[in-house]
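One structure is given here, and the rest of the page talks about it.
Note on naming: letters A, B, ... go to the chains in the order of the sequence lines (proteins, then strands), and numbering restarts at 1 for each one.
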There are 2 protein chains.
Amino acid sequence: MNDGEGKNCPIFFSLEIFGDKWSLLILRDILHFDKQHYNEFLESDEGISTNILADRLKKLESEGIISKEKDPDNKKQFIYSPTKKCLDLLPIILEIAVWGAKYDPETKAPPEEMAKIRKNRKEYIQDIRAKFQYLDQ
Amino acid sequence: MNDGEGKNCPIFFSLEIFGDKWSLLILRDILHFDKQHYNEFLESDEGISTNILADRLKKLESEGIISKEKDPDNKKQFIYSPTKKCLDLLPIILEIAVWGAKYDPETKAPPEEMAKIRKNRKEYIQDIRAKFQYLDQ
DNA sequence: TTTATTGCTTGCATAATGCAAGTAAAATAT
DNA sequence: ATATTTTACTTGCATTATGCAAGCAATAAA
């Protein structure tokens with residue numbers, strides 16, 4: 001899989017960028033719940049703190065995973081959008097969901113949805129990517 | 001993908017168990033580098049601290065992701081082995097590696113290995129699982 | 001019995017997170 | 001033009017997690 005540990009090990013490289021609970025939850029919110037605004041992330045049930053949210057959004061932006069711009073429909077807000085680099089994180093988010101759904105006896109994951117993922121991951125991912133097609137320009 | 005956030009969201013559920021850098025690195029060491037002993041994990045290039053290592057191994061064990069027993073070949077040491085639950089984390093580890101290899105310009109990931117994964121993830125995972133076949137008893 | 005090894009544990013400093021109040025900038029209302 | 005509201009942070013402080021390095025208990029081996 002990889003030839004060595006440390007700085008340029010692909011896994012370590014990735015984890016240095018997004019290997020913490022809050023970053024991954026933000027990515028979930030963007031990729032699955034279509035959240036785009038600061039206050040939407042703030043409202044997630046896990047209750048992220050404002051300073052942590054600001055910090056993580058800033059980092060994800062500086063890593064080129066999300067972009068931040070004025071919301072055209074509401075100039076008082078910013079929207080945070082996934083980049084291509086972000087969309088490439090979908091398989092990770094999905095696999096984390098699959099594992100969680102399998103091992104949490106009280107999972108909220110809808111069975112039909114999970115079945116759809118397990119049946120054809122590529123197709124499922126493609127459907128989500130299609131949602132963000134406006135990025136391809 | 002999931003129907004809601006918070007406690008029984010499959011992603012949050014997973015992240016509460018292994019959603020931190022150190023846990024994921026330990027899992028990498030187990031699943032890819034075939035490390036089994038405490039001091040082997042300690043030697044990884046990322047330089048985990050003894051207290052963090054002990055803490056994480058303990059948690060992973062209590063979550064049923066690894067098992068701990070006396071090493072039959074060397075009674076002075078414990079071996080930490082992956083459970084089935086651990087093997088089911090392979091897709092996650094793999095996808096993290098794929099993303100990291102793609103976006104790290106200086107990645108150490110061997111191209112042939114990455115190509116093999118991209119070509120057929122299932123087969124690649126099956127090969128790794130075969131390595132741990134002794135678990136099936 | 002003594003020694004060596006192993007896997008932690010501990011004390012302390014530093015860094016990160018969490019809580020809640022505060023604030024600056026910009027858009028909108030008056 | 002000024003006042004108000006909203007948004008996205010920022011800040012101060014308490015708590016928790018991590019990191020460093022020394023220490024130690026248990027166990028196996030000499």
Taking atom [atom2] of [N] as reference, at what distance in whole Å does atom [atom1] of [X] sit?
X        : N       : atom1 : atom2 : result
Lys70(B) : dC8(C)  : NZ    : C1'   : 12 Å
Ile26(A) : dA8(D)  : CD1   : P     : 13 Å
Gln77(A) : dT28(C) : CD    : P     : 11 Å
Asp73(A) : dA27(C) : CG    : P     : 15 Å
Glu16(A) : dT18(D) : CD    : P     : 14 Å
Lys58(B) : dT9(C)  : NZ    : C1'   : 11 Å
Ile79(A) : dA8(D)  : CD1   : P     : 11 Å
Leu53(B) : dT9(C)  : CG    : P     : 11 Å

Looking at [options], which one has an atom nearest to any side-chain atom of [X]?
X        : options                  : answer
Ile52(B) : dT18(D), dG7(C), dT7(D)  : dT18(D)
Thr50(A) : dT7(D), dC9(D), dG18(C)  : dC9(D)
Asn51(B) : dG11(C), dA20(C), dA8(D) : dG11(C)
Tyr38(A) : dC9(D), dA22(D), dA4(C)  : dC9(D)

>> Using OP1 and OP2 only, check whether a side-chain N or O of Lys68(B) sits under 4.0 Å from dC8(C).
In response: yes

> Should Trp22(A) be listed as having a side-chain N or O under 4.0 Å from OP1 or OP2 of dA16(C)?
Replying inline: no

>> Rounded to the nearest 0.5 Å, what separates atom CG in Leu89(A) from atom CD1 in Ile65(A)?
In response: 5.5 Å

> Roughly how far apart are Leu27(A) CG and Ile92(A) CD1, rounded to 0.5 Å?
Replying inline: 9.0 Å

>> Both conditions, 6.0 Å and 45 degrees, for the charged tip of Lys7(A) above the ring of Phe13(A): are they met here?
In response: no

>> Tell me whether Lys68(B) forms a cation-pi arrangement with Phe78(B), defined as NZ or CZ under 6.0 Å from the six-membered ring centre and within 45 degrees of its axis.
In response: yes

> Want to settle it: does Ser49(A) or Asn74(A) sit nearer the 5' end of DNA chain C, counting the closest nucleotide to each?
Replying inline: Ser49(A)

> Between Arg56(A) and Lys76(A), which has a closest nucleotide on DNA chain C that is more 5'?
Replying inline: Arg56(A)

> So which heavy atom on Phe12(B) is nearest to which on Gly6(B), and how close?
Replying inline: CD2-O, 3.3 Å

